[in-house]
Student: 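Pasting in a structure now, in structure tokens, and then I'll have a few things to ask.
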Amino acid sequence: MAPAESSPLLTTPQSAPPYLCFTTRRAAMAFTLGIIFLSMSVKEGTNMTQAAAMPALRRLNYTEVIEYLPGTATASYSLGKFSQIYMTFNLGPRVTLILAPALASIGQICVASGEGALMVWGTGLTAYANAHVWGSSTRVVASWADHD
């Protein structure tokens, strides 16, 4: 008999992992979609922050810093797209989806510091972390389908 949406995920108590053990498909799906939602929300929000903040940074006389931000973000995002394959494969897609918004948030805190070097470094860290969201979330969703 094939598993249904109401069937338990675990057939025996011994097969349960020691952390985040969900026994119903509904709870596991809600948690997984919640992680994807959080990661995508942080990714899109922090990606839009740079473009929205540029006029304000110019008015605050951060002219030498704002020259580096777009290039730093693009280069870091490109590097992140390459490393997402390695990270998702070795750490797993769910761990990657949890680390990405955490690192992007740290990057945004660095940008908010107002210190020139930290702003550039934080922009790079945010873009690098955001690049990992798409591949890992796609792998999570793809694992829901049968591989036959």
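Because only heavy atoms are used, hydrogens play no part in the values below, and waters and symmetry mates are left out as well, while side chains stay in.
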Student: For the side chain of T88 and the backbone of I85, is there at least one donor-acceptor N/O pair under 3.5 Å apart?
Tutor: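 Judged by distance alone, no pair lies under 3.5 Å.
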Student: Does any donor atom in the side chain of Y68 or T123 lie under 3.5 Å from an acceptor atom in the other side chain?
Tutor: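 No pair is found: no donor N or O on one side chain lies under 3.5 Å from an acceptor on the other.
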Student: State yes or no: do V133 and I35 share one hydrophobic cluster built from I, L, V, M, F, W and Y residues joined by side-chain heavy-atom distances below 4.5 Å, directly or via other members?
Tutor: yes
Student: Where is the tightest heavy-atom contact between A131 and Y77, given as atom of each residue plus distance?
Tutor: CB-O, 3.4 Å
Student: Could you state whether F37 and W134 fall into the same hydrophobic cluster, counting links through intermediate Ile, Leu, Val, Met, Phe, Trp or Tyr residues with side-chain heavy atoms under 4.5 angstrom apart?
Tutor: no
Student: M119 and I109: same hydrophobic cluster, using ILVMFWY side-chain contacts below 4.5 Å?
Tutor: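 Per the 4.5 Å side-chain linkage, M119 and I109 are not co-clustered.
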Student: How far does CG of L99 sit from NE2 of H132, to the nearest 0.5 angstrom?
Tutor: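 Rounded to the nearest 0.5 Å, the CG-NE2 separation comes out at 9.5 Å.
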Student: Looking at every heavy atom in both A127 and S76, which two are closest together, and how far apart are they?
Tutor: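 Distance-wise, the nearest heavy atoms are CB-CB, 4.0 Å.
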Student: Nearest 0.5 Å, what's the CE-CD distance between M87 and Q84?
Tutor: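 One finds 10.5 Å between CE of M87 and CD of Q84.
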Student: How close do A104 and A129 get, counting heavy atoms only, and between which atoms?
Tutor: N-CB, 3.7 Å
Student: For L125 versus G107, what's the shortest heavy-atom pair and its separation?
Tutor: CD2-N, 3.8 Å
Student: At what distance, to the nearest 0.5 angstrom, does NZ of K43 lie from CE of M48?
Tutor: 8.0 Å
Student: CD1/I98 to CG/L103 distance, rounded to the nearest 0.5 angstrom?
Tutor: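 If I round to the nearest 0.5 Å, the distance is 12.0 Å.
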Student: Given the rule that I, L, V, M, F, W and Y join up when any side-chain heavy atoms are under 4.5 Å apart, are F31 and M40 in one cluster?
Tutor: yes
Student: Do you know which of T63, L69, V65 makes side chain to side chain contact (heavy atoms under 4.5 Å, CB included) with L57?
Tutor: L69
Student: Under the rule for side-chain contact (heavy atoms from CB on, under 4.5 Å), what residues qualify as partners of Q108, not counting sequence neighbours?
Tutor: T46, T49, V111, T126
Student: Does I36 offer a backbone N or O that forms a donor-acceptor pair with the side chain of S137 under 3.5 Å?
Tutor: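 No.
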Student: What's the shortest heavy-atom distance between R139 and F89, and which atoms?
Tutor: NH1-CA, 3.4 Å
Student: Tell me whether F82 shares a hydrophobic cluster with Y86, the cluster being built from Ile, Leu, Val, Met, Phe, Trp, Tyr side chains joined at under 4.5 Å.
Tutor: no
Student: Taking all non-hydrogen atoms of both residues into account, name the closest pair between V140 and L97 and its distance.
Tutor: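 Looking at all heavy atoms of both residues, the shortest contact is CG2-CD1, 4.0 Å.
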